[in-house]
2 protein chains.
Amino acid sequence: MAKQVVPEAARQRRRRTHGGTVLSEEIIVRTALRVLREHGSTGLTARRLGAALGADPSTLYRYFAGMDDLARAIGDELMGRALDSWTSTGDWRADPRALGRAIHASYLAHPQAAVLTASRVTGRPREIAVDETILGILRGAGLPDPVAVGVYHAFIDQSLAFAALDAGSLALADEARTRDEEMWRSTYARLPAESHPNIAATAHLLARRMPHSAFPAALEMLLEHIDVQLSRVGA
Amino acid sequence: MAKQVVPEAARQRRRRTHGGTVLSEEIIVRTALRVLREHGSTGLTARRLGAALGADPSTLYRYFAGMDDLARAIGDELMGRALDSWTSTGDWRADPRALGRAIHASYLAHPQAAVLTASRVTGRPREIAVDETILGILRGAGLPDPVAVGVYHAFIDQSLAFAALDAGSLALADEARTRDEEMWRSTYARLPAESHPNIAATAHLLARRMPHSAFPAALEMLLEHIDVQLSRVGA
DNA sequence: AGCTTATGCCAACGCAGTTGACCTTACAGT
DNA sequence: ACTGTAAGGTCAACTGCGTTGGCATAAGCT
């Protein structure tokens, strides 16, 4: 019966695996992060993870409903780490900036895992905690509820979306990544000025800018937007 | 020899498949889009696509280096459709708004395909055409080159990132999607006000806002940012 | 008409997720 | 301390995946 998954909190009888280790959701997720880092975003397989744990692949189905369920648990872990690394200062401008960067950084610390998970909203406890925190900051700053909800929505989706996109390029194999970065110097820089005048005119700027993330800039635009909204309300 | 892929332009001898159809890159990509729509973002397999084409799966390797190569071709097709559906008006504010929405809409018209491809930058011709167009709009509006490059970067990444994220929720199976949308009414709306006061206070607004995309709002923030930058330059 | 070879098909490889049957051992109740 | 129960481990096998090498055939050139 691989369909019945016992929740972590209700577990009591933990047997040893063939390899001698004692399993738990936490250990499995941590090991999965290691396997992902070592074998890439498509390298997390039940057999490989089982081998890394010293356990049979089918054992995983005692803890997760399937590989998809495991992936969501990994995403929840990254979101939790982001929130843990963040502390409130009470400043409405510094707080969302730091939290956004914490989320982005937490996912980018595990690019291969981020590729797997950042594109989905899980609705798990730690994600909800982040939501509550952001809404609290925005409402505390004085934004009317409808505006706060709109900004919150853009904030969380933007953070996750950029995390997924930036992780994608970061997760490329070394060879592929440098080839990707070189593209801006080779392909784009060599476009003739007649057919692509704007790219040609800014090629040197593009080569410097494109290998980095646009997330910080987008985040500042969001904060700027809050500024404008607050001045309209008259806070 | 499945490694030698003949470029589409150089093809001459087209044989009929067992099913009677005559193949081409375009037909394969179009059929792939159909298979993706019918079977989901993970449902595009060589065997299934072969069956849909009335051809042997291995035949695909005469046209693409592998399933990954096919995926990039699909992404290029979506980007091309976005650019084709857009026409310049000369207005620096209306043009990027319409182009951003065209990109977003083109990907969301094929959510399952977007999930597969929107997270990667291809550097293919049609993507380059979009880049050149945006840079032209921004520089034409009067932005200094460094600012224009920064805004362009945020614009293209934001469009792709949101396309990937929004496509993700749209690509969920019907059953899973409605369950996802209901989450904001059930799970979030039922959170106790003591532990989650901000979510509780705005639950009705969240339920209305969250099922929709935050991309339009983020796009407006970007346009707003251009406004501010232009006023600083003094245009 | 005949030659070349691009382009199709077939069979098979290793690996994937997943499941059902089966042990085995940790704990609860006495 | 003893024992019954079932959680939680293993094993073997299923289907389907991407991919490849060998082979057949028909399209187009001369």
Side-chain angles (χ1 to χ4, degrees), chain A residues 1-28 31-32 35-36 38-74 116, chain B residues 1-28 31-32 35-36 38-74 116:
Chain A
M1 280 165 267
K3 286 182 179 175
Q4 189 82 358
V5 174
V6 177
E8 180 72 10
R11 285 185 184 276
Q12 296 187 332
R13 311 180 179 182
R14 299 187 194 266
R15 287 176 57 186
R16 293 179 164 279
T17 68
H18 186 69
T21 54
V22 175
L23 296 181
S24 68
E25 281 191 8
E26 192 194 338
I27 287 182
I28 294 176
T31 308
V35 170
L36 277 166
E38 290 172 0
H39 293 90
S41 58
T42 63
L44 180 67
T45 72
R47 288 163 214 273
R48 188 130 54 193
L49 180 53
L53 289 163
D56 189 88
S58 64
T59 310
L60 297 171
Y61 291 81
R62 303 283 185 199
Y63 289 85
F64 300 97
M67 294 305 283
D68 198 76
D69 192 36
L70 171 61
R72 273 186 287 117
I74 293 171
L116 219 59
Chain B
M1 279 166 265
K3 286 182 179 176
Q4 189 81 1
V5 174
V6 177
E8 179 73 8
R11 285 186 185 276
Q12 295 188 332
R13 309 181 180 183
R14 300 191 191 265
R15 289 174 58 181
R16 291 178 165 280
T17 68
H18 186 68
T21 54
V22 176
L23 297 181
S24 68
E25 282 190 8
E26 192 194 339
I27 287 182
I28 295 176
T31 307
V35 170
L36 278 166
E38 290 171 1
H39 293 92
S41 59
T42 63
L44 179 66
T45 71
R47 289 163 214 271
R48 189 128 57 192
L49 181 52
L53 289 163
D56 189 88
S58 64
T59 310
L60 298 171
Y61 291 81
R62 302 284 184 201
Y63 290 83
F64 300 98
M67 293 305 284
D68 198 77
D69 192 35
L70 171 60
R72 272 186 288 118
I74 293 172
L116 218 60

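Just so it is clear, the structure is predicted and the values come from calculations on it, not from any experiment.
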Return the value, rounded to whole Å, for the distance between atom [atom1] of [X] and atom [atom2] of [N].
X: B:Glu8; N: C:dA6; atom1: CD; atom2: C1'; value: 13 Å
X: A:Arg62; N: C:dC22; atom1: CZ; atom2: C1'; value: 10 Å
X: A:Phe64; N: D:dG9; atom1: CZ; atom2: C1'; value: 16 Å
X: A:His18; N: C:dC23; atom1: NE2; atom2: C1'; value: 14 Å
X: B:Leu70; N: D:dG18; atom1: CG; atom2: P; value: 10 Å
X: A:Asp56; N: C:dA16; atom1: CG; atom2: P; value: 13 Å
X: B:Leu49; N: D:dT19; atom1: CG; atom2: C1'; value: 15 Å
X: A:Leu60; N: C:dT19; atom1: CG; atom2: C1'; value: 14 Å

Point to revise | Donor-acceptor pair, side chain of A:Arg48 and main chain of A:Val35, under 3.5 angstrom | key: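 No, A:Arg48 side chain to A:Val35 backbone: no donor-acceptor pair under 3.5 Å.
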Where the side chain of [X] is defined as all heavy atoms beyond and including C-beta, which of [options] is the nearest nucleotide?
X: B:Leu23; options: C:dG8, C:dC22, D:dC11; answer: C:dG8
X: A:Ala55; options: C:dG8, D:dT10, D:dC17; answer: D:dT10
X: B:Arg15; options: D:dA26, D:dT10, C:dG17; answer: D:dA26
X: B:Arg47; options: D:dT10, D:dT19, C:dC9; answer: D:dT19
X: A:Tyr61; options: C:dA21, C:dC9, C:dT18; answer: C:dT18

**Study point:** Heavy-atom closest pair, residues B:Leu116 and B:Ala71
**Key:**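 Heavy atoms of B:Leu116 and B:Ala71 come nearest at CD2-CB, 4.5 Å.
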Review point. Which atoms form the tightest heavy-atom contact between A:Ala65 and A:Val5, and what is the distance?
Key: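 For A:Ala65 and A:Val5, the tightest heavy-atom pair comes out as N-CG2, 3.9 Å.
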Practice item. Report yes if some heavy atom in the side chain of A:Leu44 is under 4.5 Å from a heavy atom in the side chain of A:Met67; otherwise report no. Key: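 The answer is yes, as the side chains (C-beta and beyond) meet within the 4.5 Å cut-off.
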Practice item. Would you indicate whether the side-chain heavy atoms of A:Phe64 and A:Glu25 approach each other to under 4.5 Å? Key: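 Contact flag for A:Glu25/A:Phe64 side chains = yes.
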Exercise for review: Determine, for A:Tyr63 and A:Arg11, whether the Lys NZ or Arg CZ falls below 6.0 Å from the six-membered ring centre while staying within 45 degrees of the axis.
Suggested key: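 Because its charged atom sits under 6.0 Å from the ring centre and within 45° of the axis, A:Arg11 does stack over A:Tyr63.
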Review point. Base, sugar-phosphate alone, or nothing: which one does B:Leu44 contact when heavy atoms must sit under 4.0 Å apart?
Key: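 Sugar-phosphate contact only.
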Exercise for review: Give one of base, sugar-phosphate or nothing for A:Thr59, where a contact means two heavy atoms less than 4.0 Å apart.
Suggested key: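 Answer is base: heavy atoms of A:Thr59 come under 4.0 Å of a base.
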Exercise for review: Taking atom CZ of A:Arg14 as the centre, report whether more than 12 heavy atoms of other residues, nucleotides or ligands fall under 6.0 Å from it.
Suggested key: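 Counting other residues, nucleotides and ligands, CZ of A:Arg14 exceeds 12 neighbours.
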Between [X] and [N], does any side-chain N or O lie under 4.0 Å from OP1 or OP2?
X: A:Ser58; N: C:dT18; answer: no
X: B:Arg11; N: C:dA6; answer: no
X: A:Tyr63; N: D:dG9; answer: yes

Nucleotides 28-30 of chain D: which of its N/O atoms have a protein N/O under 3.5 Å away?
| residue | atom | partner | partner atom | Å |
| --- | --- | --- | --- | --- |
| D:dG28 | OP1 | B:Gln12 | O | 2.8 |

Check your understanding: Between A:Thr17, A:Leu23, A:Leu53, A:Ile28, which is the residue that forms a side-chain contact (heavy atoms from CB on, under 4.5 Å) with A:Thr59?
Key ->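 Going through the options one by one, the only one that passes is A:Leu23.
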